[in-house]
Amino acid sequence: MKLWKRNAVVVAIVLFVGAAVYLNWSYNNRAVDDPVGESAGGKVLGQSELVNGNTDDKASGNETPVSGTEDEKGTGYFATARLNRQQARDSALELLQQAAGDEKADQAMIDEANQSIQVMAAYTMAEAQVENLVTAKGYGDCICFINDSSASVVVSATSGGLNEGDVAKITEIVSQESGLKAAQIRIIETEP
């Protein structure tokens with residue numbers, strides 16, 4: 001009976017983590033296909049208007065950047081993607097911590113939950129390292145999603161677009177940090 005309960009909890013955790021990763025991936029693909037939110041009525045999640053009346057009015061050519069706005073922290077897509085990734089991870093981490101801290105859990109289940117937490121932390125560190133290195137190579141902004149069998153990197157488009165050399169540089173960075181092969185790495189270019 002204990003074995004069945006342990007397996008049920010592990011399966012539930014794996015399903016929640018899988019659902020969170022799928023939803024994050026699905027949302028990010030939708031955002032890459034429609035980066036300005038035109039299909040959602042033209043409003044982008046995270047898009048805001050300042051109370052004092054300073055807004056970005058691209059139609060009239062008057063852009064009023066304000067200290068601490070998205071211009072300094074990254075584009076709306078990248079900020080939203082990072083937030084969604086973090087929320088999905090926080091939810092999965094909470095479930096894993098609950099499973100590891102359950103008084104009724106046997107040692108095997110606790111060990112498995114702790115191992116999953118360590119793997120999640122390793123992916124988080126590798127993603128942050130990839131993002132920092134890609135940005136250091138001169139690309140405007142990027143976000144990386146790594147799992148056990150693949151990696152996706154969304155990179156802000158350059159003036160001439162990404163060429164084969166750019167893709168090779170980014171692929172090499174991801175491969176070195178994640179241990180994945182080039183065939184497992186997907187590079188996606190999006191408008192800044």
Rounded to the nearest 0.5 Å, how far apart are [atom1] of [X] and [atom2] of [Y]?
X      : Y      : atom1 : atom2 : value
Ser116 : Leu95  : OG    : CG    : 11.0 Å
Arg186 : Phe145 : CZ    : CZ    : 10.0 Å
Asn163 : Lys169 : CG    : NZ    : 7.5 Å
Leu96  : Asn114 : CG    : CG    : 9.0 Å
Ser175 : Ile170 : OG    : CD1   : 13.5 Å
Ser152 : Asn147 : OG    : CG    : 8.0 Å

For the residue pair [X] and [Y], what are the closest heavy atoms and their distance?
X      : Y      : answer
Val154 : Phe78  : O-CE2, 3.4 Å
Arg82  : Asp141 : NH2-OD1, 2.8 Å
Ser178 : Val174 : OG-O, 2.6 Å
Ala99  : Ala105 : O-CB, 3.8 Å
Val130 : Cys142 : O-SG, 4.5 Å
Ala126 : Ile146 : CB-CD1, 3.8 Å

Compare all side-chain heavy atoms of Val153 with those of Val155 and state whether any distance is below 4.5 angstrom.
-> yes
Are Asp166 and Tyr139 linked by a side-chain donor-acceptor pair shorter than 3.5 Å?
-> yes
So, Gln115 and Asp111: side-chain donor and acceptor under 3.5 Å apart, yes or no?
-> no
Does a sphere of radius 6.0 Å around CD in Glu164 hold more than 12 heavy atoms from other residues, nucleotides or ligands, not counting ones at 6.0 Å or beyond?
-> no
Ion pair present between Glu127 and Arg89, side-chain N to carboxylate O less than 4.0 angstrom?
-> yes
Main chain of [Y], side chain of [X]: is a donor-acceptor contact present, judged purely on distance under 3.5 Å?
X      : Y      : value
Tyr77  : Ser156 : no
Arg85  : Thr124 : no
Glu189 : Leu162 : yes

